Amino acid sequence: MTDIEKRSTETIIELRIAVKTSLNLLDSLNKAQQEAVRTTDGAVLVLAGAGSGKTRVIAHKIAYLIKNKYAYPWEILAVTFTNKAAEEMKNRVTSFLKDDNGLWIGTFHSIFARILRLEAKHIKFTSDFVIYDTDDKKKLIKNIMQDLVLDTNQYSLEAICGTVSKLKNKLIGHEEFQKLVKTPFDQVLFQVFAEYQKRIKQSNACDFDDLITLPIELFRNNPQVLKKYQKKFKYILVDEYQDTNYAQYKLIHFISGFYKNVCVVGDDDQSIYGWRGADIRNILEFEKNFPEAKIFRLEQNYRSTKNILKAAHSVVRNNKGRKSKELWSENDQGEKLMVLNVYDEYDESDRMIEKLKGEVFKNKRSFSDFVILYRTNAQSRVLEEGLRRNGISYIIVGGVKFYERKEIKDILAYLKVISNLKDSLSLLRIINYPNRGIGSKTIEKLKKWAATHNISLFESIGKVDQIGEISDSRKKIIKDFYQLINKYSSLKKEISPNELTHALVDESGLLLKYKGDSTPESQERANNIKEFLAAVSDYAFQHENPTLASFLEEVSLITDIDTWDRTANAVTLMTLHSAKGLEFPVVFITGLEQGLFPLASSLEDQNKLEEERRLFYVGLTRAKERVYLIWADNRRRFRDVEPQEPSIFLNELDPAVIITDSSGTKKRYVQKAGKPAYSFDSPLTYEDVSQEEPLLKPGILVEHEVYGRGRIVKVSGKGKSQKVIISFKNGEQKKFLSNYARFTILTE
DNA sequence: CGGATTTAACTTTTT
DNA sequence: GTTAAATCCG
C-alpha cells in the first residue's frame with residue numbers, strides 16, 4: 001500500500017470517529033461550511049461570498065485536521081493576506097485546541113521569507129539578508145538610472161519600478177525579458193532590471209517580489225529542498241485566494257505537489273489587487289490548475305441586512321467576468337442606504353459628522369461602530385479636520401506609515417547595515433547622517449574605489465587608507481564611522497537587538513538631534529523614535545531568541561492594518577482597500593464621484609472599471625446595519641476645484657433600497673469676522689483676494705477656520721507657492737500655503 | 001563642503 | 001500640504 005492509499009483507508013475510519021468527536025467543533029457551522037471543512041483531501045475551492053464565514057471555515061478546518069489526527073500542527077501551512085488575519089486565525093484555532101505548536105500561519109511574504117532564511121545557502125544568500133521596501137527599491141533604481149546616465153524624466157521611476165514588479169510576478173526574469181525587448185523603453189527597462197538584480201543580490205537583499213520568486217527559483221534548482229517542504233506540509237490552506245498573483249499560484253502548486261491537499265478560499269467578487277499583479281484567473285480557473293477539484297459555495301451571509309446585500313448585488317452584477325452567485329441572508333430587512341449629495345469636500349465632512357452624531361445620539365452607538373472609507377489617502381485630511389473640530393476621536397489606518405517615517409527609516413538603515421554589511425543602499429543613507437563631514441564628493445570616491453576593486457562599499461570604507469585622493473582629516477572621520485558600525489556588527493551576536501538599538505540610538509546621536517530642537521515637528525520625531533525603541537523592547541520581550549535579522553523582517557513586513565486596534569473608542573478612517581476582511585455596524589463611503597471613485601484612469605478600461613466596481617462592492621459589504629454614500633458637487637482635485645458628477649455606481653444601485661438626501665448642496669459660506677478686505681456682493685475668502693494682490697505681511701491679524709485667530713509672523717515665496725507662518729493664540733506656530741489655507745484677514 | 005532656504009512635483013490602491 | 005530636489009550662501 002502506498003502512503004496515500006494507506007492514508008485514505010485510515011481516513012474512512014477516522015472520519016467516523018471524527019464525526020463523533022468533533023460534533024461540538026462543527027456544530028456552529030451551516031451545512032455548506034461543514035462540508036467544506038470535512039472535505040479534507042485533494043484540491044478544494046471554497047467560493048465564499050462576503051460575510052459568509054470564510055475565515056471561520058479555515059480556522060475550523062485547521063482545528064478539525066489536528067483534532068482528528070489528519071496531521072500534526074507543523075504539517076499544516078495556512079496563508080493569509082495580512083499579519084492581522086494570521087493572528088486572528090491563530091487565536092481562533094487555539095481556542096479550539098490545546099496544542100497548536102508549530103503551526104505555520106502567516107502571509108505569503110512572511111512564510112517564504114522564513115523558508116528563504118532557512119535555505120539561504122542554496123541561493124547564495126546569507127540568512128541575515130535584508131528586505132527592501134518600495135521606498136528602498138525606488139531609491140536603488142534611481143541610483144542605477146543616475147549611474148547609467150538615464151533620464152528619469154523621460155522614463156519615469158514609477159513606470160520602471162511597476163513594470164519590474166509585474167515581470168517578476170509573472171516569473172519573467174531579466175534574462176528572459178531580454179528576448180522580449182521591442183521598444184526603446186523596453187531596452188532601458190532591461191538595462192535597469194539587469195543592474196537592479198545584480199545590485200540587490202550584491203547587497204544580500206531582496207524586495208517584496210523576490211520573497212515569492214526566489215523560493216520558486218530555490219525549489220526549481222534544488223529538488224531535494226522542494227521535496228522536503230512538499231513532504232512537510234500535508235495540508236495547505238490559502239485565504240483570500242482571489243488576490244494571489246501568478247507567482248504565488250505557482251508557489252502553492254509547487255509546494256502542494258506531493259500530497260496535493262490544497263484548500264483555497266476566496267471570492268472573485270472581492271478581487272481588488274489586480275494592479276498589484278493579482279490574477280483573477282487563479283480563482284476562475286482553479287479547476288483547470290488543480291484537476292478533480294471540489295467546489296463549495298458559501299452564499300449565506302451572516303453580516304449584513306437584506307437591503308445592504310440587495311444594494312451590493314445590484315452593483316456587482318454589472319460585472320461580466322465573474323462566477324455568478326447571489327448572497328442571501330436571514331437577517332432583518334434593515335434600513336435603506338442613504339445617498340447624500342453635498343456641496344464640496346468640507347460640506348461632505350460636516351454632513352457626515354452630522355449623520356454620525358445622529359447615529360450616536362439616536363441609536364446609542366459608540367465611535368468604534370463607524371468606519372469612514374475613501375478611495376485615495378489624500379481624501380482623509382479634510383475628514384480628519386472635521387472630526388478634530390468636533391472633538392470626535394479617530395484612528396487613521398494607512399497614509400504615512402510609522403515604519404516609513406524618515407526618522408524611523410534612519411534608525412532602520414543603521415540596523416540593516418549592522419545586520420548585513422553588504423547593504424550598500426542603507427549604508428548610503430546613513431554614511432553622513434547625522435552629519436559627520438562625509439560629503440557627496442567623498443562618497444563618489446569611495447564608490448569608485450569599491451567598483452574598481454570589486455568589493456562592497458562598506459569594505460572600501462574599511463580600506464580608506466589605501467585611497468590616495470582622500471585627505472587625512474577625512475580619513476579619520478571615515479575610520480571612526482567604520483569602527484562604529486563594526487563595533488555594533490560584532491556586538492549583534494552577544495547582546496539582544498533591544499540593547500543594541502538603545503545603545504546605537506544613544507551613541508549615534510539620532511535622538512539628540514531632535515531632542516535639542518523645540519519645534520513641534522522635531523518633538524514628534526523624537527517621540528516616534530522613543531516609540532520605536534519601545535517596539536524593539538516589546539519584540540525582545542515577546543520572542544525567546546530575538547535576533548536583529550528577524551526583528552528587521554517583522555518590521556519590513558508589517559502593515560498599518562496589522563497594528564490597528566479595533567477596541568479603541570474611536571471612529572476608523574481607511575481606504576477601501578484596507579477595509580477588506582473587516583466589518584462595521586455603520587459604513588460611510590465618501591467621494592463617490594465619477595473620476596474619483598471610479599478613478600479617472602479606469603474609465604476607459606473595462607477590466608479596471610470592473611475592479612473599481614468590486615472595490616465598491618467590498619465597501620458596501622463591510623456594513624452590518626447602515627450605509628451612507630456621499631458625493632459632492634465640487635471637489636478640489638490636485639490644484640483646482642472642479643465640478644463633479646455622481647459616480648456611475650450610484651446609478652447602478654437598486655432604487656428600491658436607497659433614499660436620497662440633497663439638502664446639503666447649497667453653498668455654505670465661510671463666516672467672516674471683521675470687515676472684508678474687498679467688498680463684493682458675496683462674501684469673500686482670502687483665496688479670491690490673493691490672486692489680485694498679495695496683502696500679506698508680518699503683523700497682520702488673521703482668522704483661520706481650524707486654528708482660530710493668529711498673527712502672521714513671516715511671509716516667504718511668491719505666487720502660488722507663497723507661504724505664511726502664523727502664530728496662534730496658544731503660542732503654536734503653523735506654516736501654510738497662503739493660496740490654499742483657509743483663513744481670512746481681519747482688520748483691526 | 002554643508003546647511004538653510006526656496007522651488008518643483010506630486011496624489012491610486014499595498015505585501 | 002507634503003516631500004524631494006535645486007539653489008544659494010557662509
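Order of the sequence lines fixes the chain letters, A, B, ..., with proteins taken first and strands second; residue numbering starts at 1 for each chain. Note that the structure is predicted; figures quoted are calculated from it, not measured. The figures that follow rest on heavy atoms only: side chains count, while hydrogens, waters and symmetry mates do not.
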- line: Of the listed B:dT15, B:dG2, B:dT13, the closest approach to the A:T134 side chain comes from B:dT15

- prompt: Between A:E611 and A:K445, which is nearer to the 5' end of DNA chain B once each is assigned its nearest nucleotide?
  reply: A:K445

- prompt: Between A:R114 and A:E553, does at least one N-O distance fall below 4.0 Å, as a salt bridge requires?
  reply: no

- prompt: When we call it a touch if two heavy atoms are under 4.0 Å apart, what does A:T442 touch: a base, just sugar-phosphate, or nothing?
  reply: sugar-phosphate

message: If you assign A:L557 and A:K138 each to the DNA chain B nucleotide with the nearest heavy atom, which residue ends up on the more 5' nucleotide?
response: A:K138

query: Closest to the A:R276 side chain: B:dT15, C:dA4, B:dT13?
result: B:dT15

field: Closest non-hydrogen atom pair between A:S550 and A:Y539, with its separation
entry: OG-OH, 2.8 Å

- prompt: Under 4.0 angstrom, heavy atoms only, what part of the nucleic acid is A:N377 near: base, sugar-phosphate, or nothing?
  reply: sugar-phosphate

field: A:T82 side chain near B:dT15 phosphate (N/O to OP1/OP2, under 4.0 Å)
entry: no

query: Roughly how many Å is it from CD in A:Q248 to C1' in B:dT15, rounded to a whole number?
result: 8 Å

- line: Per atom distances to the A:Y273 side chain, the nearest of B:dT15, B:dT14, C:dA4 is B:dT14

Length of the NZ-C1' vector between A:K168 and B:dT15, whole Å: 14 Å

message: Between P on B:dG2 and CD1 on A:I477, what's the gap in Å once rounded to a whole number?
response: 8 Å

For nucleotides 8-10 of chain C, give me every protein contact, N/O to N/O, under 3.5 Å, one pair per line with atom names.
none

query: Using the benzene-type ring in the case of Trp, are the ring centres of A:F81 and A:Y273 under 6.0 Å apart?
result: yes

- prompt: Given B:dT14, B:dT12, C:dG1, which nucleotide is nearest the side-chain atoms of A:S601?
  reply: B:dT12

task: Using a 4.0 Å heavy-atom cut-off across all strands, classify A:I443 as base, sugar-phosphate, or nothing.
output: nothing

- prompt: Below 4.0 angstrom, N of the basic side chain to O of the carboxylate: do A:D136 and A:K409 qualify?
  reply: yes

- line: A:R614 CZ to B:dT12 P, in whole Å, measures 19 Å

task: Between C:dA4, B:dT15, C:dG1, spot the one nearest the side chain of A:R381, thanks.
output: C:dG1

- prompt: What does A:L599 touch in the nucleic acid at a heavy-atom separation under 4.0 angstrom: a base, only the sugar-phosphate, or nothing?
  reply: base

- prompt: Can you say whether the rings of A:H109 and A:F208 are parallel (under 30°), tilted (30 to 60°) or perpendicular (over 60°)?
  reply: perpendicular

message: Would you say A:S578 places a side-chain N or O within less than 4.0 Å of OP1 or OP2 belonging to B:dT14?
response: yes

Closest non-hydrogen atom pair, A:I589 against A:L592: O-CD1, 3.8 Å

- request: On the 0 to 90° scale, with breaks at 30° and 60°, tag the A:F112-A:F108 ring pair as parallel, tilted or perpendicular.
  value: parallel

- request: Grab the CZ-P distance between A:F597 and B:dT13 for me, whole Å please.
  value: 13 Å

